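A short write-up of the structure that comes next.
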Amino acid sequence: KSIKVFAPGSVSNVGCGFDILGFAIDGIGDEMILRKNDSNKIHIKPIEGYENLSTVPTKNVAGVAIQALLDDLGSQQGFDIEIKKNIKPGSGIGSSSASASGAVVAVNELLGKPYSRMQLVDFAMQGEVAASGDAHADNAAPTVLGGFCIVRAYDPLDIIQIESPINLWCVVIHPQIEIKTKEARELLSTQVDLKKAIRQWGNVAGLISGLHSSDYNLIGRSLEDHIVEKQRKVLIPEFDNLKNAVMNAGALGCSISGSGPSVFALCEGENKAKDVNLAMNDVFSKTNIPFYIYSSQVS
Ligand code: HSE
């Protein structure tokens, strides 16, 4: 018996919610096929996609996450994993989380579902530790659970899934450069100015309220990140031009997706998303950096 999974990409931080907000995105994700084997070992085989994928289980986020699950269960079961890695590592759209989450969801199914989805987030996070040195859950939670998620607390993990408005669209541009999450985290100051913190948690509250009440204007007023974006945007070519163009095209808000280089914008409606897609395209076509743009409903 084998299981095929599509492990979606995700936008984390979502502007004001560093390490606590994220949502899954349609249209881009890793494809994986998993089956049990009799070797007591995890075998990883890449099929197309990203070429430099490590096949050593202790160095591959999927292998690390599965091992965390098996250790917790006290199981020696071996697995064969085929991965079509469509999301490049260092993209800012939850590459490591996609493989780690897809792997633990599939393994859990093959083992007869010993764990709840909520518990699986914990194992997927071990993949994140391997990739970035930190167990952040803002990609793993939406990738495992789907939709828009709040990480209310880390210790113990408390994740809340929230509904998002029906007509909320997301446009993500992925410039083909690599930013290592670990490095983008090391860049951040560990001190936060109280005035900025007040603006930030006001925005988090406003954003959640806006999502709940489908108040697009409130979502737009609340997205801005006053703490992290300024420190990281230096890593992203054209960031200010991109953000200006996107806002002029009518986006509700725009910020770095995860630790970059991807940049996301939220929009009300498909037509606005098309305008924003074109605006992103215009800015990046003038550079010599290859890029992809994905548009999808946030669901
Ligand atoms: N919240 C994490 C960060 C996400 O911004 O470092 C990394 O993908």
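Since we're looking at a predicted model, the values are computed, not measured. All ligand and atom numbering here is 1-based and tracks the order in the structure. Side chains included, hydrogens not; waters and symmetry mates left out as well; all remaining heavy atoms used.
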| said: Is any side-chain heavy atom of H174 closer than 4.5 Å to one of Y294? | reply: yes

Ligand 1 to R185, heavy atom cutoff 4.0 Å, flagged ligand atoms 1 (N), 2 (C), 3 (C), 6 (O)

Logged contact type for V228 with ligand 1, heavy-atom cut-off 4.0 Å, is neither

The protein heavy atom nearest to atom 7 (C) of ligand 1 is H136 CE1, 3.5 Å

Counting from 1 in the order shown, the ligand 1 atoms closer than 4.0 Å to a non-hydrogen atom of T181 are 6 (O), 7 (C)

Exercise. Apply side chain to side chain donor-acceptor pair (under 3.5 Å) to the pair H136 and D138, showing each step before the final yes or no.
Key: CA-CA 6 Å; H136 56 91; D138 49 341; 3.0 Å; yes

| query | Side chains of I256 and N13: does their closest heavy-atom pair fall under 4.5 Å? | reply | no

Are any non-hydrogen side-chain atoms of I236 and I179 less than 4.5 angstrom apart? yes

- With a 4.5 Å heavy-atom cut-off, do V171 and C267 have their side chains touching? yes

Item to complete: Return yes when S12 approaches ligand 1 closer than 4.0 angstrom through a heavy atom, no otherwise.
Response: yes

For F18, the atoms of ligand 1 under 4.0 Å from one of its heavy atoms are 3 (C), 5 (O), 6 (O)

So the atoms of ligand 1 within less than 4.0 Å of a heavy atom of N13 turn out to be 1 (N), 2 (C), 3 (C), 5 (O)

Taking only non-hydrogen atoms of D19 and a 4.0 Å limit, the atoms of ligand 1 in range are 1 (N), 2 (C), 3 (C)

Donor-acceptor contacts under 3.5 Å from residues 120-130 side chains, at least two apart:
| unit_1 | atom_1 | unit_2 | atom_2 | d |
| --- | --- | --- | --- | --- |
| Q126 | NE2 | D122 | O | 3.3 |
| E128 | OE1 | S96 | OG | 2.7 |

So for R232 against ligand 1, with non-hydrogen atoms under 4.0 Å, the contacting part is side chain

Q) Hey, is ligand 1 close enough to N139 that some N/O pair sits below 3.5 Å? A) yes

Q) Taking the inter-plane angle between the rings of F23 and F264 on a 0 to 90° scale, is it parallel (under 30°), tilted (30 to 60°) or perpendicular (over 60°)? A) perpendicular

